[in-house]
Amino acid sequence: MIRNQMRLEFLSCSENVGLARVAVAAFASGVDFNLSDLEEIKVAVSEAVSNAMIHGYEGATTGTVRLSASLSDEALEIVVEDDGKGIPDVEQAMLPGTGSDPERLGLGFVFMKSFMDEVDVWTEVGKGTRVKLLKSLPGNGSHLANL
Amino acid sequence: MIRNQMRLEFLSCSENVGLARVAVAAFASGVDFNLSDLEEIKVAVSEAVSNAMIHGYEGATTGTVRLSASLSDEALEIVVEDDGKGIPDVEQAMLPGTGSDPERLGLGFVFMKSFMDEVDVWTEVGKGTRVKLLKSLPGNGSHLANL
Amino acid sequence: MGYEIRKEGDILIVRVNGEFDLHVADYARRDIDIQIRAQGVKHILFDLGGLTFIDSSGLGVILGRYRKVSENGGRAAISGAPPNIKKVMEISGLNRLMPFFVDCASAMLELG
Amino acid sequence: MGYEIRKEGDILIVRVNGEFDLHVADYARRDIDIQIRAQGVKHILFDLGGLTFIDSSGLGVILGRYRKVSENGGRAAISGAPPNIKKVMEISGLNRLMPFFVDCASAMLELG
Ligand SMILES: Nc1ncnc2c1ncn2[C@@H]1O[C@H](COP(=O)(O)OP(=O)(O)O)[C@@H](O)[C@H]1O
Ligand SMILES: Nc1ncnc2c1ncn2[C@@H]1O[C@H](COP(=O)(O)OP(=O)(O)O)[C@@H](O)[C@H]1O
């Protein structure tokens, strides 16, 4: 059962990465996540939203990034979406250090995967990318979700 | 010219009033509003969103509240919208102390008007209510907007 | 975050921390009214030293409790309100209904 | 919020406060590179004592500057990273490339 829900849409300019983090943290504040869980969720959101801006829209600040969050009795689910250039090879993109930019670590997906219990990516070249991040609620068997 | 833009949608449950405040504060953080301006904007947003929940949706937590914010070179504009019951007599509703609930002050609109430079209301009974809140940017002649 | 309610003599002391908005108001109103009855207190003191935000929903709870104790010959007071909170209260006119004190102790002296 | 860049001897000290994300990264990268060239420094020290958040964009700036000074025989170090920041850095493996110090002074001793 969905306990709460929000959708946030913003322009792909880098000052909005902080907005996305803050909104998700406020949305999740009703849950008894511990501080370190909340920190990790913020990092994962930051990576997904930054990717939409840098890679999806290739730095253009006129794109729209959509973020939705919903809270059930089991998990916090966050979806980050862009209508950008898409990822030709997702499996390859999700490997550490395979990014295209020497100034970037290629660790965005690695962080998302280490900090969340589930990471799913849908993408279509020329259409956009959708990343789903799932964090089990405390006491909801987050170890199982890692299997 | 629009410098930044966001849209936030959430369920009409009272824990989301804080989410709305936090999102607007983060969105406005790029502007050099002083602390007291930011506090006032947060109160105004809180009033508009609370009204949508209490009056628009009459306390039902299944309604959707939409908030949008945009930043131009001149002003921060915030719109709060609900698809609730609407206001039969807006002029009367905007007077202090005319609220329907003895537990409420009837000061929501008074706060919005004292803290923002412009407050506009569109409403249709049975359809919903839309409140536009405008705050001039520092150094942008906010005294003029009060004329 | 949240609020604490305690009794000293015939005064109910309500300390509200963090943000006093619609979300907190609904719970606080109910809990305070239960305690006013259960504890048989006469006066009420809102200790706002830990408050970071208030809007008309929070002010409504204070006004409602003021009315309640007044009907029974009691008094209400505010203590420790930070400047930004005080400003909102002044616009609401609440400061004309009940006295403001710098801290809990001086308010207790006056009410007690 | 933001960052401060200063020089001590042949060390460029970059203090980053608040949140080190994509938004800060773009400016910080450019400003640090300008100062590395202008000040003719050899080593770089990131003083992270005031940092509240970092993600891979912030870490990328640190890694890039590490590479830059390394190419010229210099060294890079981190000081004062709070526990949550340290954890993210450890997952990134950055701690295997450059030493961490509890504070700025001990890092200076080592680099200087
Ligand atoms: N939203 C996106 N749109 C297009 N490409 C993306 C998107 N997200 C990730 N990618 C691709 O996947 C690669 C790996 O991403 P990531 O692990 O976050 O590392 P980094 O961002 O540091 O390169 C990126 O370099 C990019 O090519
Ligand atoms: N979004 C809304 N939908 C329906 N009615 C509203 C809405 N906002 C305000 N109102 C009406 O306007 C009145 C005055 O609102 P306000 O000044 O905020 O005072 P209060 O909320 O304390 O009653 C409310 O009592 C309500 O009847």
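Convention: sequence-line order gives letters A, B, ...; per-chain numbering from 1.
Annotation for Lys132(A): atom NZ counts as buried by contact number, over 12 foreign heavy atoms lying within 6.0 Å. Counting non-hydrogen atoms of other residues, nucleotides and ligands closer than 6.0 Å to NZ of Lys7(D) gives a total above 12. In this structure, Arg75(D) places its CZ atom where more than 12 heavy-atom neighbours from other residues, nucleotides or ligands lie under 6.0 Å away.
Counting heavy-atom pairs closer than 4.5 Å to chain A, the top residue among Gly64(D), Ser56(D), Gly60(D) is Ser56(D).
Between Val17(A) and Glu19(D) there is no side-chain heavy-atom pair separated by less than 4.5 Å. Residues Leu22(D) and Ile54(A) form a side-chain contact, since some pair of their non-hydrogen atoms from C-beta on lies under 4.5 Å apart.
When all heavy atoms are compared, the tightest approach of Val43(A) to Ile54(D) is CG2-O, 3.8 Å. Nearest heavy atoms, Phe111(A) versus Asp55(D): CE1-C, 4.4 Å.
With rounding to the nearest 0.5 angstrom, the CD atom of Glu40(A) is 6.5 Å from the CD1 atom of Ile91(D). In this structure, OG1 on Thr52(D) lies 7.5 Å from CD on Glu39(A), to the nearest 0.5 angstrom.
The parts of Ser46(A) that come within reach of chain D are both its backbone and its side chain, each placing non-hydrogen atoms under 4.5 angstrom from that chain. Interface remark: Leu35(A) contributes no atoms to any contact with chain D (heavy atom separation under 4.5 Å). For Ser50(A), the parts lying near chain D are the backbone and the side chain together; criterion is any non-hydrogen pair under 4.5 Å.
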